[in-house]
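Input: a single structure, listed below in structure tokens.
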There are 2 protein chains.
Amino acid sequence: MSEQGVRVLVVDDERSIRRFLKASLGSQFVIFEATNGEEALAAVIADRPDVILLDLGLPDMDGVEVTRRLREWTQIPIIIVSVREQEQDKIAALDAGADDYLTKPFGVGELMARLRSAIRRSAQAETDPVFRSGDLVVDLNQREVSVKGQPVSLTPTEYDLLRTFVKHAGKVLTHDQLLRAVWGTAYESETHMLQVNISNLRRKIEPDPLRPGYLITEPGVGYRLKVI
Amino acid sequence: MSEQGVRVLVVDDERSIRRFLKASLGSQFVIFEATNGEEALAAVIADRPDVILLDLGLPDMDGVEVTRRLREWTQIPIIIVSVREQEQDKIAALDAGADDYLTKPFGVGELMARLRSAIRRSAQAETDPVFRSGDLVVDLNQREVSVKGQPVSLTPTEYDLLRTFVKHAGKVLTHDQLLRAVWGTAYESETHMLQVNISNLRRKIEPDPLRPGYLITEPGVGYRLKVI
DNA sequence: TTCCACCCTCAAGCCTTTCTCAAAGTCGGG
DNA sequence: CCCGACTTTGAGAAAGGCTTGAGGGTGGAA
């Protein structure tokens with residue numbers, strides 16, 4: 001979710017507000033809509049949004065109640081967007097588990113900044129998936145690599161190289177791409193250094209370094225990390 | 001931190017505001033104070049607050065800059081409290097890494113609700129206060145460390161260092177990260193002090209300091225507290 | 001077959017990082 | 001003021017990583 005395609009669920013019974021939010025946010029985010037509390041609860045399941053914009057004055061259920069129900073099982077960021085500016089309303093919503101409270105009317109810029117803030121927070125709790133291929137496990141969060149359960153210690157260069165492969169697992173990476181990613185733009189033609197490091201990596205992670213099962217050579221092009 | 005004793009750092013150059021906040025919040029929270037940006041950065045190291053209330057208009061440094069500097073190494077919740085109500089100010093602060101933005105004057109009830117919200121969020125990311133790995137036990141509440149049941153006495157610096165490791169147990173921490181977390185932003189390049197303290201820590205907690213089992217060196221990167 | 005381009009491995013030299021011991025400096029309490 | 005605990009600085013040794021060079025292998029083209 002870190003980059004594009006952040007999913008925002010807009011919960012409001014007024015069509016005009018939904019339209020407005022969709023128009024303002026649509027270019028940056030993927031928008032889903034719900035018009036009442038029940039729909040909202042269902043949409044969180046169905047649409048798996050990354051953040052929720054929730055109006056308090058819903059026809060069937062109070063927004064605070066929606067918040068409470070959601071917090072029973074999920075920590076998705078909830079930003080309240082409401083006309084109510086009474087302090088008691090804010091306190092009730094925040095204590096029910098809302099992350100933020102914005103009073104209408106509000107600036108679109110501020111709303112987007114608060115969205116980014118909420119997303120940033122929940123994104124950092126997120127972890128990169130652990131890469132697995134056969135007996136090879138690469139955990140980018142822990143910076144840990146293991147083969148058949150045995151931890152393997154890599155030098156910084158080797159790890160950078162392997163990380164680049166994992167980020168594009170299965171895809172062919174050219175020599176240039178790898179050299180740029182690991183050594184920087186100035187080293188584009190130092191293919192020898194790449195070879196040596198590929199070789200060293202293979203010695204550490206391949207069961208039979210002479211017949212690579214993970215780091216495949218694509219002759220004339222580059223290398224590829226095989227996904228098994 | 002889940003219950004009592006939540007530590008709040010108030011950063012504001014106006015004495016009256018600090019007094020007001022201390023009076024309003026003092027019964028619920030433990031209040032620390034700073035009157036400018038430099039003090040704030042130092043106080044975060046020294047006082048270890050759980051949340052920061054930050055004014056934007058500081059005499060020596062803009063609050064946005066303080067936010068940016070803090071976000072280089074810590075995720076402590078930052079709530080901006082400012083007279084500036086321009087949307088641009090809010091956007092800038094939130095994008096610099098602030099968690100919330102409150103415009104003066106504000107209701108104490110709302111402030112406290114937003115504080116609770118921020119604390120609730122960071123509390124759920126909190127680590128288990130008692131860390132165990134093999135024969136090593138670190139109790140962050142009691143500030144007690146023991147190996148094989150034998151209590152170990154650490155100097156303040158050594159303990160800070162170990163605590164940082166425990167908070168990110170299993171993860172590789174770079175030299176920079178450790179230096180910033182323990183000594184402050186100004187010491188980023190003093191790797192030698194880090195080495196000496198790692199060495200001293202190992203002598204106290206490792207069965208065989210020459211072959212570390214807990215504090216693992218990740219050459220070229222940093223160190224890691226192994227989870228067994 | 002021979003040549004050539006490309007790929008691979010090994011290892012030595014150099015450089016940087018890391019570790020430890022120890023001395024010097026700092027600070028607060030008695 | 002002195003003492004002890006702690007922190008910081010210093011120096012030398014050890015370990016480890018990076019780069020480079022040399023040499024061998026392979027496969028396709030002439």
Side-chain angles (χ1 to χ4, degrees), chain A residues 143 145 151-164 172-179 181-184 186-224, chain B residues 42 45-46 143 145 151-165 172-184 186-225:
Chain A
R143 197 191 185 275
V145 179
V152 176
S153 90
L154 302 180
T155 71
T157 314
E158 286 159 6
Y159 181 80
D160 278 355
L161 190 53
L162 183 56
R163 184 166 48 78
T164 309
V172 177
L173 296 174
T174 66
H175 303 131
D176 291 13
Q177 284 177 319
L178 290 165
L179 284 161
V182 177
W183 282 269
Y187 292 75
E188 277 184 37
S189 51
E190 303 284 329
T191 44
H192 187 47
M193 301 204 319
L194 179 58
Q195 314 229 14
V196 172
N197 276 278
I198 292 278
S199 172
N200 291 338
L201 248 184
R202 280 175 175 159
R203 193 150 30 77
K204 291 184 179 179
I205 67 172
E206 295 279 4
D208 179 1
L210 296 179
R211 271 177 213 76
Y214 301 120
L215 283 178
I216 311 297
T217 300
E218 297 287 351
V221 188
Y223 300 90
R224 181 166 56 89
Chain B
I45 302 283
R143 205 182 184 284
V145 179
V152 176
S153 92
L154 301 181
T155 71
T157 312
E158 286 160 6
Y159 181 79
D160 276 356
L161 189 54
L162 184 55
R163 186 171 47 75
T164 308
F165 277 113
V172 176
L173 296 175
T174 65
H175 305 123
D176 292 13
Q177 286 176 318
L178 290 165
L179 284 161
R180 279 199 293 256
V182 176
W183 282 270
Y187 292 75
E188 275 184 42
S189 50
E190 303 285 329
T191 45
H192 189 46
M193 302 203 320
L194 178 59
Q195 320 244 26
V196 174
N197 277 278
I198 292 276
S199 175
N200 291 338
L201 248 183
R202 278 174 175 160
R203 196 148 29 76
K204 291 184 180 181
I205 67 172
E206 295 278 4
D208 179 1
L210 295 179
R211 272 178 213 75
Y214 300 120
L215 283 177
I216 311 296
T217 300
E218 298 284 352
V221 188
Y223 300 90
R224 183 160 57 93
L225 176 59

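Lettering of chains follows the sequences in order, A, B, ..., and the numbering in each one begins at 1. Quantities reported herein were computed from a predicted structural model and do not represent experimental measurements.
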*Just checking B/Leu210: base, sugar-phosphate only, or nothing, at a heavy-atom cut-off of under 4.0 Å?*
sugar-phosphate

*Which part of the nucleic acid, if any, lies within reach of A/Thr217 when heavy atoms closer than 4.0 Å are counted: base, sugar-phosphate only, or nothing?*
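Sugar-phosphate, no base atom in range.
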
Given atom [atom1] of [X] and atom [atom2] of [N], what is their separation to the nearest angstrom?
X	N	atom1	atom2	value
B/Ile198	D/dT8	CD1	P	15 Å
A/Glu190	D/dT20	CD	P	6 Å
A/Arg211	D/dT26	CZ	P	11 Å
B/Arg203	D/dC6	CZ	P	12 Å
A/Leu194	D/dC18	CG	P	14 Å
A/Asn200	C/dC8	CG	C1'	11 Å
A/Glu206	C/dT9	CD	C1'	15 Å
B/Tyr187	D/dT8	OH	P	6 Å

Kindly give the heavy-atom pair with the smallest separation between [X] and [Y], and that separation in Å.
X	Y	result
B/Tyr214	B/Glu206	N-OE2, 2.8 Å
B/Arg203	B/Pro209	CA-CG, 3.9 Å
A/Pro156	B/Val221	CG-CG2, 4.3 Å

*asked:* Do A/Val182 and A/Leu194 make a side-chain contact, defined as non-hydrogen atoms from C-beta onward lying under 4.5 Å apart?
replied: no

[N] phosphate, OP1 or OP2: any side-chain N/O from [X] under 4.0 angstrom?
X	N	answer
B/Tyr223	C/dC19	yes
B/Ser199	C/dT20	yes
B/Trp183	D/dT8	yes
B/His192	C/dT20	no

*Donor-acceptor under 3.5 Å (A/Arg202 side chain, A/Pro212 main chain)*: no

*Atom CD in B/Glu158, atom CZ in B/Arg163: separation rounded to 0.5 Å?*
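The CZ atom of B/Arg163 is 14.0 Å from CD of B/Glu158, to the nearest 0.5 Å.
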
*Measure the spacing between CG of A/Leu179 and CG of A/Leu161 and express it to the nearest 0.5 Å.*
9.0 Å

*Pull out every residue in residues 152-164 of chain B that has a heavy atom closer than 4.0 Å to any atom of DNA chain C, ordered by number, or say none.*
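Listed by number, there are none.
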
*Can you find a side-chain donor-acceptor pair between B/Thr164 and B/Arg180 that sits under 3.5 Å?*
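No.
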
_Using heavy-atom distances to pick each residue's nearest nucleotide on DNA chain C, tell me which of A/Pro209 and B/Pro219 is more 5'._
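Result: A/Pro209.
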
Let's see if you can work this out: which of [options] has an atom nearest to the side-chain heavy atoms of [X]?
X	options	result
B/Arg202	C/dC19, C/dT9, D/dT20	C/dC19
A/Gln195	D/dG21, C/dC7, D/dT19	C/dC7
B/Val196	D/dT19, C/dA22, C/dT9	C/dA22

